[in-house]
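Take a look at the structure below.
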Amino acid sequence: MAHIAYVRVSTAEQNEARQIEALKKHDIDKWFTEKVSGKNMNRPQLEAMLDYIREGDTSLYPRLQPPCPQYQRPPCYRGTACNKKVHLVSNKENLDTSTPNGKLMLTMIAAINEFERENLLERQREGIAIAKAAGKFKGGQVKRIDDKTFCAAYDRYQHRELNKTQLAAELKISRPTLDKMLKDRGLS
């Protein structure tokens, strides 16, 4: 039964030393640390930790926080780790899921987080409906490019004078908009 720690800071300028120091009292066997924004869904060290942990291990965190938006619950309660029967320990909240009280607290925290998320989405939908009714919200605007401009730029792309990024820049649109536009026109 190993003690495995996951520590994340948001930017390269931030220092994870404070979080590491707080977890040292737990006699950590393996550390997973990364410097990645909370918005970033790509978390190589988190995925590595989830692959590494085994049944009976304890996963330690400096504080409870969803590692990224896709995880509504702490990582040890995602499918992989939950199936492995991994315990979660969070320093700041003094939470340990190897105890009945810890399991109850984690379940309550997850339920409150889900409730808050649903309330936020409901308020957002209501606000959009009010703005639409007032004519103030129109959603994403469709980019219009005249055929002559598009055909000339696309011809240069076909002759490999431009790559897709350069084509998008010349048309003054983003790459995803260009990809959608090409798909809508049956082009590649």
Query - Met181 CE: over 12 foreign heavy atoms closer than 6.0 Å - result: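 Enclosed: over 12 neighbouring heavy atoms sit under 6.0 Å from CE of Met181.
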Query raised in the report: Got a sec: does the CG of Asn119 have more than 12 other heavy atoms crowding it under 6.0 Å?
Result: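 Counting other residues, nucleotides and ligands, CG of Asn119 exceeds 12 neighbours.
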Query raised in the report: Among all residues two or more places apart in sequence or in another chain, which pass the side chain to side chain donor-acceptor pair (under 3.5 Å) test with Thr99?
Result: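 With sequence neighbours excluded, Thr99 shows a side chain to side chain donor-acceptor pair (under 3.5 Å) to no residue whatsoever.
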Query raised in the report: Who pairs with Gln166 by side chain to side chain donor-acceptor pair (under 3.5 Å), at least two apart in sequence or on another chain?
Result: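 Result, side chain to side chain donor-acceptor pair (under 3.5 Å) vs Gln166: none returned.
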Query raised in the report: Below 4.0 angstrom, N of the basic side chain to O of the carboxylate: do Lys180 and Asp184 qualify?
Result: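 Asp184 and Lys180: salt-bridged.
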Query raised in the report: Quick one: do Glu21 and Lys24 make a salt bridge, cutoff under 4.0 Å?
Result: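 Yes.
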Distance in Å, [X] [atom1] paired with [Y] [atom2], rounded so as to fall on 0.5 Å steps:
X	Y	atom1	atom2	result
Leu106	Asn101	CG	CG	12.5 Å
Thr58	Leu88	OG1	CG	9.0 Å
Ile112	Glu114	CD1	CD	11.5 Å
Thr33	Ile20	OG1	CD1	5.5 Å
Asn163	Arg156	CG	CZ	11.0 Å
Lys136	Ile128	NZ	CD1	14.5 Å

If hydrophobic clusters are built from ILVMFWY residues whose side chains come within less than 4.5 Å, do [X] and [Y] share one?
X	Y	answer
Tyr154	Leu178	yes
Ile53	Ile28	no
Val7	Ile4	no
Leu23	Tyr61	no
Trp31	Val9	no

Tell me whether [X] contacts the main-chain N or O of [Y] through its side chain, where contact means a donor paired with an acceptor under 3.5 Å.
X	Y	value
Asp57	Arg54	yes
Arg175	Ala168	no
Thr149	Ile145	no
His3	His26	yes
Gln14	Ser10	yes

Query raised in the report: What residue pairs, at least two apart or across chains, pass salt bridge (Lys or Arg N to Asp or Glu O under 4.0 Å) with a residue in residues 26-35?
Result: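 Residue pairs with at least one partner in residues 26-35: Glu16-Lys35.
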**Report entry** Validation row: Asp179, Lys164 side chains within 4.5 angstrom (heavy atoms)
**Finding:**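 Yes, side chains in contact.
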Query raised in the report: Taking C-beta and beyond as the side chain, do Tyr157 and Glu161 meet within less than 4.5 Å on heavy atoms?
Result: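 Result no, sub-4.5 Å side-chain heavy-atom pair not found.
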Requested in this report: Tell me, please, whether Phe150 has Arg185 positioned over its six-membered ring: NZ or CZ under 6.0 Å from the ring centre and within 45 degrees of its axis?
Outcome: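 Yes, Arg185 sits over the ring of Phe150.
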Query raised in the report: Taking all non-hydrogen atoms of both residues, which atom of Tyr6 and which atom of Gln45 are closest, and how far apart?
Result: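 In terms of heavy atoms, the two residues are closest at CE1-C, 4.1 Å.
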Query raised in the report: In a check of side chain to side chain contact (heavy atoms under 4.5 Å, CB included) between Ser59 and each of Val86, Val89, Leu50, which one passes?
Result: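 Exactly one candidate clears the test, Val86.
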